[in-house]
Student: 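Questions regarding the structure given below will be posed in turn.
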Protein chains: 2
Amino acid sequence: MNKSNRQQTMNKFKLLKTSGSARAGELQTSHGIVSTPVLCPVGTQGSVKALTPQDVKDVGMTMILSNTYHLYLRPGMEIIKKFHGLHNFMGWDGTILTDSGGYQVFSLSKLMTINDEGASFKSHIDGSAHVLTPEAAIKYQEIIGSDIAMVLDQCVAHDAGRAEVWAAMIRTHLWAKRCLQAHTMKSQLLYAIVQGGTFPELRKESAKNLTDLPFDGYAIGGLSIGEEKQTTFDITQITTELLPADKPRYLMGVGSPEDILECIDRGIDIFDCALPTRVARNGALYTGSGRVDIMNAAYRTRESAIDPDCNCYTCRHFSAAYLHHLFRSKELLAYRLATIHNLAFMHNLVASIRQSILNDNFHSLKKEFLSKYQTTDEATRISQKKKWLASREHDSE
Amino acid sequence: MNKSNRQQTMNKFKLLKTSGSARAGELQTSHGIVSTPVLCPVGTQGSVKALTPQDVKDVGMTMILSNTYHLYLRPGMEIIKKFHGLHNFMGWDGTILTDSGGYQVFSLSKLMTINDEGASFKSHIDGSAHVLTPEAAIKYQEIIGSDIAMVLDQCVAHDAGRAEVWAAMIRTHLWAKRCLQAHTMKSQLLYAIVQGGTFPELRKESAKNLTDLPFDGYAIGGLSIGEEKQTTFDITQITTELLPADKPRYLMGVGSPEDILECIDRGIDIFDCALPTRVARNGALYTGSGRVDIMNAAYRTRESAIDPDCNCYTCRHFSAAYLHHLFRSKELLAYRLATIHNLAFMHNLVASIRQSILNDNFHSLKKEFLSKYQTTDEATRISQKKKWLASREHDSE
């Protein structure tokens, strides 16, 4: 990679143990050590919805995802710059990972046109015109001061044809190189994004191309956007097998408890997903036996916590009946308490998975969890996902 | 009061000091000592909007107001009973004052008809039919287990004519006696409500009538419902002069910082008001120089807290610019942080007023506060209040 003026940083990822393909590791960042596997809650607009940074820390989470596209549009880079970065602006001293904005330009903005130079688009907030280039995506992420930045990639729909997927992948590789060139912030890690849709040979080409370049980690993009679950798992597996063992792998936009188990089993280290927080605000709460709807009449009189085995703030202090009442009454407190619970559930699950990898009994934990956890059926899941994708402009997550 | 089978309880109010008509005292309740003057935040539906009980405690507040009408309709008395009262249901171990529901039946319910027996109405939630009698209002408040219960009163509009105000007052007296008769819970204090609208001679008649009965305290109802501010103050003063010095006085539905100062100056000990929490959710934040609109462009870049003199959680952790961003982005965290700030401001104001009474320099504190605090002009205030009263069915506060 002679054209890059970027110093290859020391490898900040330490692989501690594997159990099959599942991996336990440690990621060193400018804002602390992150134990992997890890799930990042989503703080798109510089706030994990309904929570303070302290709430996020209290559930045990150490790394959040924020978003360049959203922060660029609002509050704007001059504000983030004035505050010397997002950590200080939002009061979060843990690790921040930022997405480059590629996916949001593709899925949220209006009148997007794209060429090799970059993407022109209109803001979903006020219709103002903007251009996002690989160089700009890096510059903005350096202003944000995230601990891990992502390259700008071109995203296409899950049902795009091979030619379109191929062309977007080629452009993603071109942009990845330009991002490397543009990147100057030594304390910030930079991850590439493998594209190639659901075409194994394109995934292979993309992984080959990007792993030849000195990135600090590799993400898998273009999944969990409407394809069938088995496809997500298969492409994840094919892709991780092509990635270097000594670099962290990040599966973008996944997922549910069962997806996380399946994809850790396929070699993923880092996840981000708006699901736990978004469904919490709709009253869908995780328990060991599956996601339950707190609005259900069964909870109206229940004196125990929503999950009596859970040790989160919500379950320690409030009954299921009180949560039911708050949701029925549309009280704002409902959203905070439900979000705390779902994040705690996910954090505890991921932490127990990590421990099982260290103890080399990941597969028995996986089997036990899935035998008790009732997953959402596939048809409902896809229909919900599509509905959400269609309605996304009204929700910044 | 021979007809009452209620034991006259020991006086639980201790008047410690006066400064002019302003009073500092202590109110002993089943859930702790409440220092007066005191402002109760409103937890109409068993939740101070956007806050946990711990948040309320952290700002220093010790007593909240909840509402019989709302709790009776949702979650319903059988739920509250199952939880042995509201304290346990909502997780608040401080003092609870409950309004009887008279005002909500009058202002929120549908198709209300009223006679000496009680009020028939339809629920604003689902249209179901209900009857509220003085006996039922007491029974429900005993189930709720509030520390202070209110009698059922008949409320009329602020511009009702003398005959209507008189008739409602006579019925309020009749109901007050029936509430006393019905009341059996010894650990619960029971306050009467002086009515009489803006007619001094009716207030006199009402106060005379009710202070002949063995109530634990006296509220002033039928104010702050659309009349001019000076009228609120004048009627408050006329009424407190008629009330016994050794019993607490509670002015219902007041108020703003300046109203609280003026009414403490007229001998009030207890206030409740949804204003600090309601305006917080609209981005109106209290500072020593007046209420500011956090959405204002001036705050977009402000690195200091919204009120640099404030020691609340919000001001200790977040800049005005970040709060501005959260409100602009409609992030849920905005409502919690703003509510914490406004309640802390009000609590600190009331605490400093109390200290000034104890130090006998209340009037200089009042003068100093009002010289710096820019109040909302009268026309805007009345227009906002009317708008809110008209829209109330959509907001449980």
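Note that these values count all heavy atoms, side chains included, but never hydrogens, waters or copies made by symmetry. What you see is a predicted model; the values in this text were computed from it and never measured. We name chains A, B, ... by the order of the sequence lines, and we start the count at 1 in each one.
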Student: Which bit of A/Tyr322 is near chain B, if near means a heavy-atom gap under 4.5 Å: side chain, backbone, both or neither?
Tutor: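 Both backbone and side chain.
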Student: Should B/Arg300 and A/Ile79 count as side-chain neighbours, where that means a heavy-atom distance under 4.5 Å?
Tutor: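 Result yes, sub-4.5 Å side-chain heavy-atom pair found.
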Student: Is B/Arg336 in contact with chain A via its backbone, its side chain, both, or neither, using a 4.5 Å heavy-atom distance?
Tutor: side chain
Student: Does any backbone or side-chain atom of B/Leu51 lie under 4.5 Å from a heavy atom of chain A? Answer side chain, backbone, both or neither.
Tutor: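 Only the backbone of B/Leu51 comes within 4.5 Å of chain A.
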Student: Who among A/Pro75, A/Ala334, A/Ala321 has the most heavy-atom pairs with chain B under 4.5 Å?
Tutor: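 Top option by heavy-atom pairs under 4.5 Å: A/Pro75.
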Student: Would you check if the side chain of A/Asp99 reaches a backbone N or O of A/Met150 as a donor-acceptor pair within less than 3.5 Å?
Tutor: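 The answer is no, because no donor-acceptor pair under 3.5 Å joins these two groups.
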Student: With respect to chain A, which residue among B/His324, B/Lys330, B/Lys82, B/His317 yields the maximal number of heavy-atom pairs within a distance under 4.5 Å?
Tutor: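 Max contact count across the listed options: B/Lys82.
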Student: Among A/Tyr69, A/Phe121, A/Tyr140, find the one that has a ring-ring contact (aromatic ring centres under 6.0 Å, His included) with A/His130.
Tutor: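 Going through the options one by one, the only one that passes is A/Phe121.
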Student: Please look at A/Thr52 and chain B and tell me whether the side chain, the backbone, both or neither of the residue comes under 4.5 angstrom of a heavy atom of that chain.
Tutor: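 Looking at A/Thr52, backbone and side chain both touch chain B.
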Student: Tell me, for B/Asp55 versus chain A, whether the close heavy atoms (under 4.5 Å) come from the side chain, the backbone, both or neither.
Tutor: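 The answer is the side chain of B/Asp55.
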Student: Could you walk me through whether A/Thr339 and A/Lys49 satisfy the side chain to side chain contact (heavy atoms under 4.5 Å, CB included) test, starting with their C-alpha distance in whole Å, then the side-chain angles of each, then the deciding distance to 0.1 Å, before giving a yes or no?
Tutor: CA-CA 8 Å; A/Thr339 303; A/Lys49 288 191 188 305; over 6 Å; no
Student: Using heavy-atom distances under 4.5 Å, tell me whether A/Ile125 contacts chain B through its side chain, its backbone, both, or neither.
Tutor: neither
Student: Measuring heavy-atom distances to chain A, does B/Thr301 have an atom under 4.5 Å in its side chain, in its backbone, in both, or in neither?
Tutor: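 Contact with chain A is through both the backbone and side chain of B/Thr301.
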Student: Please name the pair of heavy atoms, one in A/Leu86 and one in A/Leu71, separated by the smallest distance, quoted to 0.1 Å.
Tutor: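 Taking A/Leu86 first and A/Leu71 second, the nearest heavy atoms are CD2-CD1, 3.7 Å.
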Student: Quick one: sort the A/Phe327 and A/Tyr335 rings into parallel, tilted or perpendicular, breaks at 30° and 60°.
Tutor: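 A/Phe327 vs A/Tyr335 ring planes: perpendicular.
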Student: Side chain, backbone, both or neither: which part of B/Phe89 has an atom under 4.5 Å from a heavy atom of chain A?
Tutor: both
Student: Would you check, one step at a time, whether the test side chain to side chain donor-acceptor pair (under 3.5 Å) holds for B/Gln188 with B/Gln141?
Tutor: CA-CA 9 Å; B/Gln188 184 180 60; B/Gln141 291 180 88; 5.6 Å; no
